[in-house]
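Residue numbers run from 1 in the order of the sequence given.
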Amino acid sequence: MTTMTEASVREFKMPDVGEGLTEAEILKWYVQPGDTVTDGQVVCEVETAKAAVELPIPYDGVVRDLHFPEGTTVDVGTAIISVDVGGGSAAPAPAAEQPAAAQPAAAAPAEEPKAAGSGRQPVLVGYGVATSSTRRRPRKGPEVPVQQASTAIQTELNGHAPAAPEPAPAAARSAPAGADRPLAKPPVRKLAKDLGVDLTTVVPTGPDGIITREDVHAAVAAAVPAAPEPSVASAPAAAPASYDTGRETRIPVKGVRKATAAAMVGSAFTAPHVTEFVTVDVTRTMKLVEELKADKEFAGLRVNPLLLIAKALLVAIRRNPDVNASWDEAAQEIVVKHYVNLGIAAATPRGLIVPNIKDAHAKTLPQLAESLGELVSTARDGKTSPAAMQGGTVTITNVGVFGVDTGTPILNPGESAILAVGAIKPQPWVHKGKVKPRQVTTLALSFDHRLVDGELGSKVLADVAAILEQPKRLITWA
């Protein structure tokens, strides 16, 4: 990494772009060394455990160095880019392009440790973080590169220490004497982390005892003798999204998918779930959808059954306000919300996310249609912000888009109810004393039985079904 000693050089650190997040993966760099940047210009896109976020630089200058390649997961508070704010000459070549012998001997000092017990507070994107007790990785010179992996960290992440491989042959090259941690470049450390390899157990073959990508792959092959070694020639600069071991494909769990998995496990085993079902004739609702599409008040807006289902749920919540609540374990209180932030579960390439429409209860039907359209398009583009996924009070998940009749949805953490909507399709139905083909769907409502009893949950589900069967109730019950 290029050493920065000039007073005019500023280092932009990975900010906390959410609430208490500790790391983010660099997805894409929008600048390169030598580029001129201005205050507020977006320099990179990162992915946290909640969403993909673009980071703006907070000052003017010339890019001197990018400290990490795309695909690297970086701790909050770690410098990711250096900028010459004094109008200096163009930046030198990135450290990754220089041979090890040509690296400067001097190095930026490691960050001072923070006072014990000091808490890190969320900050605006692009302006660093406040005092923190989170441990940062020290920045060192080429003789002792940045260190990241250790047996202690692997034990903390996996719940057990990684198994040590067979002892290395006597002829194998070992790490230099006195080195307390293995030597490896950041991309190699990222690869080892994603593959679950403890670098302290890897035999280095690179110059001066540096661990290479080939060494990490060899360690994986040694742990699974029957599996062929992955192709190094086709491997990208950063860790792969998945890798084959012959009979299996393994996909590292990180980012949104990792956060979702943790949240769902926590919800399933802390909130006692109850799910109720109702099958309803929605033929009149489907006719109303077609009429609204032709209404000039909805010109340019996305009108579909989900719009009326969302409105029906909002009306049902107004009639049964106690369902819109949360359980405060610390205070041992039920917190009833006088607003509805309506969450919509959305499947994206990065995993399932649940952005919500703020104050959905106060919106007119055209305003709700506009908000739903913006929410869906933003989620599909992968641009949903962390703020859009915070503060939800109740959620809708539309499993019907996959042709599924119904399901037993798990509550979004911190919420008391979630409504699953099944596929709407023609079915034989008794209508006015005769069996006729009607548009029918099945609704499922899961709720937290600590604060929503069977009576309340049944009333909410019955109200939603009644509105969808007779959508004029959107007016008469308003």
J.: Under the salt bridge (charged side-chain N to carboxylate O under 4.0 Å, His left out) rule, collect the residues that match up with Glu291, sequence neighbours excluded.
T.: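 In terms of salt bridge (charged side-chain N to carboxylate O under 4.0 Å, His left out), with neighbours along the sequence ignored, Glu291 is linked to no residue.
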J.: Taking the side chain as C-beta and beyond, is there a heavy-atom pair between Leu461 and Leu443 under 4.5 Å?
T.: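 Side chain of Leu461 against side chain of Leu443, heavy atoms only: contact under 4.5 Å found.
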J.: How about Thr397 and Val421: do any of their side-chain heavy atoms sit closer than 4.5 Å?
T.: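 No, their side chains stay 4.5 Å or more apart.
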J.: Would you find a donor on one side and an acceptor on the other, under 3.5 Å apart, between the side chain of Asp453 and the backbone of Leu456?
T.: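 Side chain of Asp453 to backbone of Leu456, a donor-acceptor pair under 3.5 Å: yes, one is there.
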J.: Would you give the length of the straight line joining atom CZ of Phe12 to atom OG1 of Thr78, rounded to the nearest 0.5 angstrom?
T.: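 The distance works out to 12.0 Å.
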J.: Please report the shortest heavy-atom distance between Pro355 and Thr384, naming the atom on each side.
T.: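 Closest heavy-atom pair between Pro355 and Thr384: CB-CG2, 3.9 Å.
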J.: Show me the pairs that pass side-chain hydrogen bond (donor to acceptor under 3.5 Å, both in side chains) and involve residues 296-310, at least two apart or across chains.
T.: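 Residue pairs with at least one partner in residues 296-310: there are none.
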J.: Please list all pairs meeting salt bridge (Lys or Arg N to Asp or Glu O under 4.0 Å) that have one or both residues in residues 273-290, counting only residues at least two apart or in different chains.
T.: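 Passing the test, one end in residues 273-290: Asp281-Arg438, Glu290-Lys293.
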J.: Evaluate the criterion side chain to side chain contact (heavy atoms under 4.5 Å, CB included) for residue pair Val460 and Phe447; output intermediate values, then yes/no.
T.: CA-CA 10 Å; Val460 172; Phe447 49 87; over 6 Å; no
J.: Could you tell me whether the side chain of Gln332 reaches within less than 4.5 Å of the side chain of Trp327, counting heavy atoms only?
T.: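 In contact.
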J.: Nearest 0.5 Å please: distance from the CG atom of Leu292 over to the CG atom of Leu301.
T.: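 With rounding to 0.5 Å, CG (Leu292) is 10.5 Å from CG (Leu301).
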J.: Please identify which of these residues, Glu54, Glu47, Glu70, meets the side chain to side chain contact (heavy atoms under 4.5 Å, CB included) condition with Leu27.
T.: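 Checked Glu54, Glu47, Glu70 against Leu27; only one passes side chain to side chain contact (heavy atoms under 4.5 Å, CB included): Glu47.
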J.: Quick one: closest heavy-atom pair of Pro33 and Arg64, and the distance?
T.: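 That would be CB-O, 3.9 Å.
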J.: Looking at Thr72 and Phe68, would you say the former's side chain and the latter's main chain have a donor-acceptor pair under 3.5 Å?
T.: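 Side chain of Thr72 to backbone of Phe68, a donor-acceptor pair under 3.5 Å: no, none is there.
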J.: Which distance, rounded to the nearest 0.5 Å, do you find between the CG of Asn356 and the CD1 of Ile344?
T.: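 One gets 9.0 Å once the value is rounded to the nearest 0.5 Å.
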J.: Could you work out, with side chain to side chain donor-acceptor pair (under 3.5 Å) as the rule, every residue matching Asp463, not counting sequence neighbours?
T.: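 With sequence neighbours excluded, Asp463 shows a side chain to side chain donor-acceptor pair (under 3.5 Å) to Arg319, Asn320, given in chain and number order.
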J.: Once side chain to side chain donor-acceptor pair (under 3.5 Å) is applied, do any residues pair with Thr408, and if so which ones, sequence neighbours excluded?
T.: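 So Thr408 forms no side chain to side chain donor-acceptor pair (under 3.5 Å) with any residue.
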J.: Evaluate the side-chain proximity of Val85 to Val9: yes if any heavy-atom separation is below 4.5 Å, no if none is.
T.: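 Not in contact.
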J.: Counting N and O atoms only, with roles assigned by atom type, does the side chain of His449 sit under 3.5 Å from a partner on the main chain of Val452, one being a donor and the other an acceptor?
T.: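 Here the side-chain-to-backbone pair exists.
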J.: Under 3.5 Å, side chain of Thr442 to main-chain N/O of Thr279, donor-acceptor pair present?
T.: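 A pair under 3.5 Å: no.
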J.: If you count heavy atoms of other groups shown closer than 6.0 angstrom to NZ of Lys459, is the number above 12?
T.: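 Atom NZ in Lys459 is not packed in, count stays at 12 or less.
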J.: Using every non-hydrogen atom in the two residues, find where Ala310 and Leu368 come nearest and quote the distance to one decimal.
T.: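 Where Ala310 meets Leu368 most closely, the heavy atoms are CB-CD2, 4.2 Å.
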J.: Could you please spell out the steps behind the side chain to side chain contact (heavy atoms under 4.5 Å, CB included) verdict for Val340 and Asp359?
T.: CA-CA 5 Å; Val340 180; Asp359 293 324; over 6 Å; no
J.: By side chain to side chain donor-acceptor pair (under 3.5 Å), which residues pair with Thr393, not counting sequence neighbours?
T.: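 If we apply the side chain to side chain donor-acceptor pair (under 3.5 Å) test to Thr393, skipping adjacent residues, the hits are Asn324.
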J.: Counting only N and O atoms by type, is there a donor-acceptor contact under 3.5 Å from the side chain of Asp60 to the main-chain atoms of Asp39?
T.: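 Yes: the side chain of Asp60 pairs with the backbone of Asp39.
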J.: Backbone N or O of Gly373 within a donor-acceptor pair of the Ser377 side chain at under 3.5 Å?
T.: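 The answer is yes, because a donor-acceptor pair under 3.5 Å joins these two groups.
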J.: Keeping the roles fixed (side chain from Tyr59, backbone from Val83), state whether a donor-acceptor pair exists under 3.5 Å.
T.: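 Checked: no pair found.
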J.: Using the side chain to side chain contact (heavy atoms under 4.5 Å, CB included) rule, take Ile80 and Cys44 through it: C-alpha gap first, then chi angles, then the decisive distance, then the call.
T.: CA-CA 10 Å; Ile80 60 175; Cys44 68; 4.2 Å; yes
J.: Go through the steps for Thr378 and Leu375 under the test side chain to side chain contact (heavy atoms under 4.5 Å, CB included), then give the verdict.
T.: CA-CA 5 Å; Thr378 301; Leu375 180 148; over 6 Å; no
J.: If I compare all heavy atoms of Ala345 with all of Thr395, which pair ends up nearest, and what's the gap?
T.: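 Looks like N-CG2, 4.2 Å.
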J.: Does the side chain of Val354 reach to within under 4.5 Å of the side chain of Met389, using non-hydrogen atoms?
T.: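 No, every pair of side-chain atoms sits at 4.5 Å or beyond.
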J.: Quick one: pull up CG in Leu342 and NZ in Lys363 and give me the separation to the nearest 0.5 Å.
T.: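 So the CG of Leu342 and the NZ of Lys363 are separated by 11.0 Å.
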J.: Side chains of Val43 and Tyr30, heavy atoms from C-beta outward: is any pair under 4.5 Å?
T.: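 Counting from C-beta outward, Val43 and Tyr30 never come under 4.5 Å.
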J.: So do Asp75 and Met14 actually touch side chain to side chain, heavy atoms under 4.5 Å?
T.: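 No; the side chains remain at least 4.5 Å from each other.
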J.: Under 4.5 Å between any side-chain heavy atoms of Ile334 and Asp322, yes or no?
T.: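 Heavy-atom side-chain distance check fails, nothing below 4.5 Å.
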J.: Distance check, rounded to the nearest 0.5 Å: Asn341 atom CG versus Glu415 atom CD?
T.: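 Rounded to the nearest 0.5 Å, the CG-CD separation comes out at 9.0 Å.
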J.: Among all residues two or more places apart in sequence or in another chain, which pass the side chain to side chain contact (heavy atoms under 4.5 Å, CB included) test with Ala294?
T.: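 By the side chain to side chain contact (heavy atoms under 4.5 Å, CB included) rule, Ala294 matches no residue at all.
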J.: Taking all heavy atoms of Val435 and all of Pro428, pick out the closest pair and write down the distance.
T.: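 For Val435 versus Pro428, the nearest heavy atoms are CG1-CB, 4.0 Å.
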J.: Rounded to the nearest 0.5 Å, how far apart are CG of Asp448 and OG of Ser416?
T.: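 The OG atom of Ser416 is 7.0 Å from CG of Asp448, to the nearest 0.5 Å.
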J.: Return the set of residues passing salt bridge (charged side-chain N to carboxylate O under 4.0 Å, His left out) with Lys436 (not counting sequence neighbours), or none when no residue passes.
T.: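 In terms of salt bridge (charged side-chain N to carboxylate O under 4.0 Å, His left out), with neighbours along the sequence ignored, Lys436 is linked to no residue.
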J.: Looking at Asn412 and Val394, would you say the former's side chain and the latter's main chain have a donor-acceptor pair under 3.5 Å?
T.: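 Pair absent, no side-chain N/O of Asn412 close to backbone of Val394.
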J.: Would you say Arg318's side chain and Trp477's backbone share a donor-acceptor pair under 3.5 angstrom?
T.: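 Yes, the answer is positive, given that a donor and an acceptor are paired below the 3.5 Å cut-off.
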J.: Partners of Gln367 by side chain to side chain donor-acceptor pair (under 3.5 Å), sequence neighbours excluded?
T.: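 Scan of Gln367 (side chain to side chain donor-acceptor pair (under 3.5 Å), adjacent residues dropped) gives Thr364.
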J.: Considering only residues two or more places apart or on different chains, which pairs with a residue in residues 391-410 satisfy salt bridge (Lys or Arg N to Asp or Glu O under 4.0 Å)?
T.: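 As it turns out, the salt bridge (Lys or Arg N to Asp or Glu O under 4.0 Å) pairs with a partner in residues 391-410, which skip direct neighbours, are Asp405-Lys425.
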J.: Okay, side chain of Ser446, backbone of Pro409: is any donor-acceptor separation there less than 3.5 Å?
T.: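 Yes; at least one donor-acceptor contact below 3.5 Å.
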J.: For residues 365-382, pull every pair meeting salt bridge (Lys or Arg N to Asp or Glu O under 4.0 Å), keeping only residues two or more places apart or in separate chains.
T.: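 Applying salt bridge (Lys or Arg N to Asp or Glu O under 4.0 Å) to every pair that reaches into residues 365-382, excluding sequence neighbours, yields nothing.
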J.: Throw together a table of side-chain donor-acceptor distances under 3.5 angstrom for residues 465-476, partners on residues two or more places apart or in other chains.
T.:
{"residue": "Arg473", "atom": "NH1", "partner": "Ala466", "partner atom": "O", "Å": "2.8"}

J.: Minimum heavy-atom separation for Gly457 to Leu445, with atom names?
T.: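 What the structure gives for the nearest pair is O-CD2, 3.5 Å.
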